[in-house]
Amino acid sequence: MQDGEEELSLGDVFTEPPRPPTPPPTFATCTRNTFPDLKIRLVGSHPLWAHHLWNAALAFASYIDSNPEIARNRCVLELGAGGGLPGLVAAQNGAKKVVLTDYPEAILIDNLEFNSRQNLSPDEQDHVETQGYIWGHPVDNIMRALPKDASTGFHLIILSDLIFNHSQHDALLKSCDMCLTSRSKNDDASIAPCVLVFYSHHRPHLADRDLEFFRKAQGAGWVCEEIVTHKYPVCLILTLMYSFLMARCCTAHVPGRSRGRGSSCYSTWLEDDQGQCRRFSSLNSDITTR
């Protein structure tokens, strides 16, 4: 290089504009009838959609508030919790233990812990734990969070708006199968261990791929059943949200329970040759599209 010439680096040729800062966290409010409103902090931006409070979570919270027996004195696991709203509502409805999980990234787990501190009483916080977890992976750490008198598994597993992750259906089912407890003689006779799945077809043209989750569940021995429907007006357009539940039990039949005008809740249990019954029920609600 001759004197007086400036050195030219690749950075001068291939320039990159400054990256914008990460958006700050936002807050969304869940309005309730029987409990104080919950203010849920959401991460500012995230590729796993944790920066939104979808209507599925709001419908889930309402369902638990209206059916507190599904959480009271039971162990509850939420997978892909995001802001953790359904799990927090389960804690306020008297759950014995709630484990909130999401992808093991500090920003997500720290946010779950923040929402627990901000919305729950000290006594309720004592019953809640947060963990990072990747679906389909070993569940040893999750199971260690269970109380000693309930160490065989969780009575209720919450899946709120997760099945649009089509590539993760097998992993979700595997985690549910590993974490759900079998029914014991001490359980409430009307409530079997179950998995509640609230979802919507955010991409209507891929609705059949969403539903593949339930076909896979049925193929694995779960009984699938719709339990309730909600409709939400969005920009003068109604879009549908659905939910299913899966469970194992030893009873033969539980009658349906009315959930009011426009929605219903049914619980039917089918026993297999080994005396085990698996159930998958569903919630149907209208929510925004992604």
Side-chain angles (χ1 to χ4, degrees), residues 27-30 32 34-43 48-105 108-135 139 141-147 150 153-163 172 175-176 179-181 191 193-199 243 245-247 283:
F27 287 85
T29 300
C30 173
R32 304 159 75 193
T34 56
F35 287 92
D37 294 349
L38 293 179
K39 192 173 184 180
I40 302 298
R41 190 178 76 173
L42 306 164
V43 297
L48 298 180
W49 302 97
H51 54 300
H52 290 285
L53 182 64
W54 300 101
N55 282 348
L58 295 171
F60 221 135
S62 176
Y63 183 81
I64 295 173
D65 277 342
S66 298
N67 300 272
E69 67 277 3
I70 67 173
R72 187 180 300 121
N73 296 321
R74 308 179 90 206
C75 296
V76 179
L77 170 66
E78 183 170 4
L79 298 176
L85 175 60
L88 297 177
V89 170
Q92 290 189 323
N93 276 281
K96 177 185 293 185
K97 184 70 177 186
V98 176
V99 179
L100 304 173
T101 70
D102 210 321
Y103 190 80
E105 188 173 336
L108 299 177
I109 305 307
D110 291 347
N111 193 62
L112 281 171
E113 293 175 349
F114 174 89
N115 284 332
S116 177
R117 293 192 304 270
Q118 292 298 114
N119 290 284
L120 301 181
S121 69
D123 180 64
E124 291 165 344
Q125 291 178 48
D126 289 341
H127 296 272
V128 176
E129 181 173 325
T130 59
Q131 290 190 23
Y133 175 67
I134 298 175
W135 305 333
V139 296
N141 288 340
I142 290 177
M143 300 300 278
R144 276 193 285 268
L146 287 165
F154 291 85
H155 304 95
L156 172 65
I157 299 178
I158 292 171
L159 308 184
S160 180
D161 228 347
L162 303 184
I163 66 169
L172 279 168
S175 295
C176 290
C179 290
L180 192 68
T181 188
I191 308 173
C194 61
V195 179
L196 276 171
V197 185
F198 283 49
Y199 70 100
S243 164
L245 176 154
M246 51 188 181
L283 168 76

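The figures that follow rest on heavy atoms only: side chains count, while hydrogens, waters and symmetry mates do not.
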Applying side-chain hydrogen bond (donor to acceptor under 3.5 Å, both in side chains), name anything that partners [X], two or more places apart in sequence or on another chain.
X: T34; answer: none
X: D110; answer: none
X: E113; answer: T130
X: S160; answer: none

Would you say the side chain of [Y] lies within less than 4.5 Å of the side chain of [X], judging by non-hydrogen atoms?
X: I64; Y: L196; answer: no
X: Y199; Y: L159; answer: no
X: Y63; Y: I70; answer: yes
X: T29; Y: L38; answer: no
X: Y133; Y: I142; answer: yes
X: P104; Y: I109; answer: no
X: F198; Y: D161; answer: no

Kindly write out the residues that satisfy side-chain contact (heavy atoms from CB on, under 4.5 Å) with [X], not counting sequence neighbours, or none if the list is empty.
X: F114; answer: F27, R41, R117, Q118
X: D126; answer: none
X: L146; answer: C75, M143, F154

Tell me, which pairs form a side-chain hydrogen bond (donor to acceptor under 3.5 Å, both in side chains) where one or both residues lie in residues 71-83, sequence neighbours left out?
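Output for this query is empty, none listed.
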Least distance between heavy atoms, [X] atom then [Y] atom:
X: C179; Y: V139; answer: SG-CG1, 3.6 Å
X: H155; Y: A150; answer: CE1-CB, 4.5 Å
X: V99; Y: A145; answer: CG2-CB, 3.7 Å
X: L77; Y: T101; answer: CD1-CG2, 3.8 Å
X: L172; Y: W135; answer: CD2-CD2, 3.5 Å
X: P68; Y: S66; answer: CD-C, 3.4 Å

Once rounded to the nearest 0.5 Å, what's the spacing between atom [atom1] of [X] and atom [atom2] of [Y]?
X: D37; Y: N119; atom1: CG; atom2: CG; answer: 10.0 Å
X: E124; Y: S116; atom1: CD; atom2: OG; answer: 9.0 Å
X: I134; Y: S175; atom1: CD1; atom2: OG; answer: 10.5 Å
X: N55; Y: F60; atom1: CG; atom2: CZ; answer: 14.0 Å

Any pair counted as salt bridge (charged side-chain N to carboxylate O under 4.0 Å, His left out), so long as it reaches residues 87-97, sequence neighbours left out: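 Those involving residues 87-97 are K96-D149, K97-E129.
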List the atom pairs, donor and acceptor, that lie under 3.5 Å between side-chain atoms in residues 79-91 and the rest of the protein, sequence neighbours left out.
none

Would you please test V98 and H127 for side chain to side chain contact (heavy atoms under 4.5 Å, CB included) and show each step? CA-CA 6 Å; V98 176; H127 296 272; 5.9 Å; no
Listed by chain and number, what are the salt bridge (Lys or Arg N to Asp or Glu O under 4.0 Å) partners of R32, not counting sequence neighbours?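 Applying salt bridge (Lys or Arg N to Asp or Glu O under 4.0 Å) to R32 gives D65.
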